[in-house]
There are 2 protein chains.
Amino acid sequence: MVKANARAVTDEENSALKKSDRTRLAILKAAAKLFKERGYTATTLRDVADEAGMKAGSLYYHFSSKDEIMDEVLDSGLRGVYGAVTDAIGECDANNHLEKIEAAIRAHVKMLFLQGDFVSANIRLYSQLPEEIRLKHQKLRHEYADLWDQLLQEAKEVGLLRADLEIVPLRQFVIGGLNWSTEWYDGEKNSVEILAERCIKLIGHGMYASREIDD
Amino acid sequence: MVKANARAVTDEENSALKKSDRTRLAILKAAAKLFKERGYTATTLRDVADEAGMKAGSLYYHFSSKDEIMDEVLDSGLRGVYGAVTDAIGECDANNHLEKIEAAIRAHVKMLFLQGDFVSANIRLYSQLPEEIRLKHQKLRHEYADLWDQLLQEAKEVGLLRADLEIVPLRQFVIGGLNWSTEWYDGEKNSVEILAERCIKLIGHGMYASREIDD
DNA sequence: CAAGTATTCTAACGCATGTTAGGAAATAAC
DNA sequence: GTTATTTCCTAACATGCGTTAGAATACTTG
């Protein structure tokens with residue numbers, strides 16, 4: 001199991017970093033933003049350099065290729081969510097599955113917007129990436145999926161979840177629904193907490209007012 | 001209001017078409033497939049031509065630019081879902097909002113997989129497209145969104161939906177969750193109908209077995 | 001301030017892309 | 001079977017891409 005609690009990229013603790021690491025981070029942020037907006041191939045290294053306040057050639061002092069930049073954007077993005085969700089679950093009563101699930105959703109959504117472009121880039125672009133890059137990140141992705149599957153499986157066994165639900169499709173649906181929110185929800189203007197609570201309700205109880213409607 | 005009942009692109013009624021229209025359609029299918037897989041910029045016209053069994057230059061006999069190809073892929077994709085959902089709703093009892101919502105979900109999901117690459121390309125790539133192309137399709141997108149908003153709003157006023165739900169985020173969440181299924185569900189191997197019923201249940205009632213869990 | 005190191009810039013390279021023009025091949029019309 | 005017309009191919013173009021090497025600048029250390 002890979003260490004999941006790596007630090008997020010959201011911080012502004014730049015002061016503590018060396019100059020080299022600071023511009024490295026600036027490049028990554030610029031890249032994440034543009035990758036997310038335009039896609040991998042459509043984003044030029046000249047664009048990235050411009051957004052980071054330098055010239056294209058200079059990028060190669062910090063990274064050895066465009067692929068490597070994408071590599072790191074993907075990695076830190078997912079690792080941030082993974083770590084946050086793991087931590088959030090860890091702080092819950094181990095037997096309170098409802099609390100754990102809600103904490104997981106809350107952490108996932110929160111990180112989705114804190115890490116911003118990094119996670120969004122990961123989600124949006126993964127399927128379109130060159131195979132080489134994609135393969136490198138399969139492992140981490142599977143680990144994160146497994147974390148959720150475990151969480152949901154336990155909840156199902158305890159009777160918290162409807163018995164007719166299959167775990168894997170459910171997980172896909174849940175994570176997919178959450179992730180999609182980065183496409184339309186403006187985390188800068190609106191409260192991420194409110195969004196998280198909405199998601200918890202919707203995923204948990206659905207949209208109908210009464211339960212006996214059909215089934 | 002734009003006419004929504006345009007014919008889908010899923011058919012194999014090629015025999016009835018002129019030769020020109022047949023290769024035109026072949027090009028569109030090839031383009032949709034590759035666009036979906038690799039993204040817009042990453043897809044070469046030489047790739048598209050190859051997939052369609054011809055050479056790159058020949059594409060320009062049928063289309064005047066790469067943008068125009070994308071244009072039509074987007075259009076026919078969304079128009080297919082739009083039309084199908086409109087028809088499905090129209091066949092329901094006008095006052096049975098539950099039936100209408102379920103029919104809409106069913107039609108949307110079904111079309112998602114019937115139209116395959118066309119819709120997926122639309123969903124996946126829209127946000128990354130060159131502004132010029134995107135603007136052209138905003139109208140159609142808004143119309144489709146309005147259709148859903150109307151549907152949900154009516155249902156809310158009748159008391160079918162929980163009163164604390166806001167329409168727009170709900171619609172985003174619902175459509176987003178459905179659309180995401182094209183990323184992970186294999187409609188070739190598995191039944192699309194089963195997926196649709198699952199979605200109906202999940203969106204309607206959520207994943208918890210009992211309702212009084214929190215709230 | 002000088003020497004050395006860390007960082008960025010300039011300028012160019014080979015390559016792949018979207019697009020075009022004119023000729024070749026296929027198809028249709030008489 | 002010979003024209004017309006439709007469809008496709010070949011070959012090239014200008015442009016922008018990722019990448020590289022070496023010169024130029026900024027920073028650190030004595």
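Lettering of chains follows the sequences in order, A, B, ..., and the numbering in each one begins at 1. Just so you know, these numbers come straight off a predicted model, no measurement behind them.
Cation-pi geometry between Lys139(A) and Tyr144(A) is not met: the NZ or CZ atom fails to fall both under 6.0 Å from the ring centre and inside 45° of the normal. Cation-pi check for Lys66(B) over Tyr40(B) is met; the charged atom lies under 6.0 angstrom from the ring centroid and within 45 degrees of its normal.
Using a 4.0 Å heavy-atom criterion, one finds that Thr41(A) contacts no nucleic acid atom at all.
Taking CD from Glu183(B) and CD from Gln172(A), the interatomic distance works out to 9.5 Å, rounded to the nearest 0.5 Å.
At whole-Å resolution of the value, CE in Met54(B) and P in dT10(D) are 12 Å apart. dT10(C) atom P lies 12 Å from atom CG of Asp50(A), rounded to whole Å. For the pair Lys55(A) NZ and dT20(D) C1', the interatomic distance rounds to 17 Å; values are reported in whole Å. Between the C1' atom of dC17(D) and the NZ atom of Lys66(A) lies a distance of 8 Å, rounded to the nearest Å. One interatomic measurement links the two molecules: CZ of Arg46(A) to P of dA11(C), which rounds to 13 Å at whole-angstrom precision. Rounded to whole Å, the distance from CG on Leu59(A) to P on dT10(C) is 14 Å. Distance Ile27(A) CD1 to dC9(C) P: 10 Å, rounded to the nearest Å. Atom-to-atom, CG of Asp47(A) to P of dG16(D) comes out at 12 Å; the value is rounded to the nearest Å.
Neither OP1 nor OP2 of dT7(C) sits under 4.0 Å from any side-chain N or O of Ser58(A). In this structure, His62(B) does not reach the dT6(D) phosphate: none of its side-chain N or O atoms is under 4.0 Å from OP1 or OP2. Remark: Tyr61(A) is not in phosphate contact with dT8(C), judged by side-chain N or O atoms under 4.0 Å from OP1 or OP2. For Tyr60(A) and dT19(D), the shortest distance from a side-chain N or O to OP1 or OP2 is below 4.0 Å.
Among the nucleotides dC8(D), dG18(C), dT8(C), the one closest to the side chain of Thr23(A) is dT8(C).
Salt bridge annotation for Lys110(A)-Glu193(A): absent, with no cationic side-chain nitrogen under 4.0 angstrom from a carboxylate oxygen. With respect to Arg198(A) and Glu166(B), a salt bridge is recorded, a charged nitrogen being found less than 4.0 Å from a carboxylate O. Using a 4.0 Å cut-off between a side-chain N of Lys or Arg and a carboxylate O of Asp or Glu, Asp47(A) and Arg38(A) qualify as a salt bridge. Salt-bridge annotation for Lys33(A) and Asp117(A): absent, with no side-chain N of the basic residue lying under 4.0 Å from a carboxylate O of the acidic one.
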#### Entry: Contact state string [nucleotides 21-28 of chain C, B base, S sugar-phosphate only, - no protein heavy atom under 4.0 Å]
--------
